[in-house]
2 protein chains.
Amino acid sequence: MTLPERTVERLSEYRRSLLQCLEEGKTHIFSHELAELHHNTAVQVRRDIMFIGYTSMQRKGYDLRELVDVIGDILDSERGLNVAVIGIGNLGRAVTTYFVGKRSKLNIIATFDVDTTKIDRVISGVKCYPLSRLNEVVKAQQISIAILTVPADSAAEVTAQLVEADIKGLMNFTTVPLNVPPDVYLDEFDMITSLEKVAYFVKSPQN
Amino acid sequence: MTLPERTVERLSEYRRSLLQCLEEGKTHIFSHELAELHHNTAVQVRRDIMFIGYTSMQRKGYDLRELVDVIGDILDSERGLNVAVIGIGNLGRAVTTYFVGKRSKLNIIATFDVDTTKIDRVISGVKCYPLSRLNEVVKAQQISIAILTVPADSAAEVTAQLVEADIKGLMNFTTVPLNVPPDVYLDEFDMITSLEKVAYFVKSPQN
DNA sequence: TTGAATCTGTGATTTAATTAACAATATTTT
DNA sequence: AAAATATTGTTAATTAAATCACAGATTCAA
């Protein structure tokens, strides 16, 4: 059974709120409380939680600790996954510093760049390798996910190299639509498109 | 009539490919060609184009120039919209440099930060103001869209100030879910969630 | 301890988005 | 100029996601 994409996203978001609540000393939470923290409905929350097969103490709300663990069972992979950031410009640095230190099963363990002045520099505790060693390092360190933050004109080529190195998932921050084989999971985030969408709905409100 | 959200996104993406094709000297494009450039189907492309009411020279494909213009009529607002970036860390700088210079009806005309050492510095030609002047500057410069790249712990407060300053659209890059009144269009991009989603589908491929 | 209130879990329904199917039309081939 | 081919525009069907509606379970109040 595989979960709906949107449910996966929301579970990730829920988890962070739940951890936050735990830190604040809470032990249980109602579906409508969790719904209010994100902007959605109590039914949606319950439906999402139903998907992962967790059931609460009736009438007490969900047990925070238990729910966090169940979400972890679903989202995290046992031994964690290794991640590389490709391209250490502003964006690459932002992403890297962002992730490092977050308790997480996703370990950013390498960054890459063509700029030789960056080689061997350490960004937030992560070493920067020359792009020429991509294949070698990805394989040696068993990196399965890459975050692509290179300039648009090198995106296609780097992607080909990543596929060659047998990467399994790719988060694309460039504005170039990438082609990867069907067994590579690809998620694209395109800032220009996002902003143009915001602009459109600002211009023509829908309700 | 307001377009489906996904269609708006795709139109923005199409436009960039179309401009690219124009530069390469092409004059027409078939739906299946455009589909192949993005990863979707010819039907989807035709459906999207149908929504905006453009019809092609039958059998010749779409006229690039015309289609670009029609998409512009839909997506762009006449006089353009003014945009501010709030928070000039790595991410804020990345976003700013990213946009500046792109021919576009979206003008990043101000950035803001608390860090007083950044004040009055110019990032990619855009001036940085102290966060304390947010309300004043947003109103004076008629800024209608804000890109939020501040640290998580100040996100809620800054958002309240933006709403106060009558912002119309908000692109949230922090991992904090924001609350805005219904007339403010909100788009959230959460890196952690995106990456966790990639990890999930890497772990459990769906097909 | 009965009754009212509250919250969950889920089947049924609705809405949104995508895909299939195909008629209409222009172009090319013979 | 007839037949074959390629491409669009759109109706209908399908799939995916969100919402409604309500039974069941637990707690609280009297």
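Letters A, B, ... are given to chains in the order of the sequence lines, protein chains preceding strands, and every chain is numbered from 1.
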| query | Can you name the ring pair (Phe, Tyr, Trp, His ring centres under 6.0 Å) partners of A/Y129, sequence neighbours left out? | reply |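 If we apply the ring pair (Phe, Tyr, Trp, His ring centres under 6.0 Å) test to A/Y129, skipping adjacent residues, the hits are A/F112.
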
| The single option from A/V150, A/T111, A/T149 passing side-chain contact (heavy atoms from CB on, under 4.5 Å) against A/I86 | A/V150

From [X] atom [atom1] to [Y] atom [atom2], the distance as rounded to the nearest 0.5 Å:
| X | Y | atom1 | atom2 | value |
| --- | --- | --- | --- | --- |
| B/R46 | B/Y62 | CZ | OH | 6.5 Å |
| B/L67 | B/T55 | CG | OG1 | 11.0 Å |
| B/L106 | B/D76 | CG | CG | 7.0 Å |
| A/D190 | B/R16 | CG | CZ | 4.0 Å |

| Do the ring planes of B/Y14 and B/H38 sit parallel (below 30°), tilted (30 to 60°) or perpendicular (above 60°)? |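 Plane angle over 60°, so perpendicular.
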
| Between A/F189 and A/F173, how do the two ring planes meet: parallel, tilted or perpendicular, split at 30° and 60°? | perpendicular

| said: Listing request: all side chain to side chain donor-acceptor pair (under 3.5 Å) pairs with a residue in residues 91-100 of chain B, at least two apart in sequence or in separate chains. | reply: B/N90-B/R93

| Contact residues, residues 68-76 of chain A to DNA chain D [heavy atom, < 4.0 Å] | none

| query | Which nucleotide span of DNA chain D, 5' end to 3' end, has atoms closer than 4.0 Å to non-hydrogen atoms of chain B? | reply |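 Nucleotide range in contact with chain B: D/dT5 to D/dA12.
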
Minimal non-hydrogen separation, [X] against [Y], with atom names:
| X | Y | result |
| --- | --- | --- |
| A/S12 | B/E196 | OG-OE1, 2.6 Å |
| B/K26 | B/H28 | CE-O, 3.5 Å |
| A/K203 | B/D73 | NZ-O, 3.7 Å |

| request: Could you state the atom-to-atom distance from CG of A/L34 to P of C/dT8 in whole Å? | output: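 Between P of C/dT8 and CG of A/L34: 10 Å.
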
| Separation of B/D48 atom CG from C/dT19 atom P, in whole Å? |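 One finds 11 Å between P of C/dT19 and CG of B/D48, rounded.
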
Between the protein and nucleotides 1-6 of chain C, which nitrogen or oxygen pairs are less than 3.5 angstrom apart?
residue : atom : partner : partner atom : Å
C/dT6   : O4'  : A/R59   : NH1          : 3.3

| query | Regarding B/T7 and B/R47, is there a side-chain donor-to-acceptor distance under 3.5 Å anywhere? | reply | no

| request: Heavy atoms under 4.0 Å is the rule here; annotate nucleotides 9-15 of chain C 5' to 3' with B where the base is hit, S where only the sugar-phosphate is, and - elsewhere. | output: BBBB---

| request: Just call it for B/S31: base, sugar-phosphate, or nothing, with non-hydrogen atoms closer than 4.0 Å on any strand. | output: sugar-phosphate

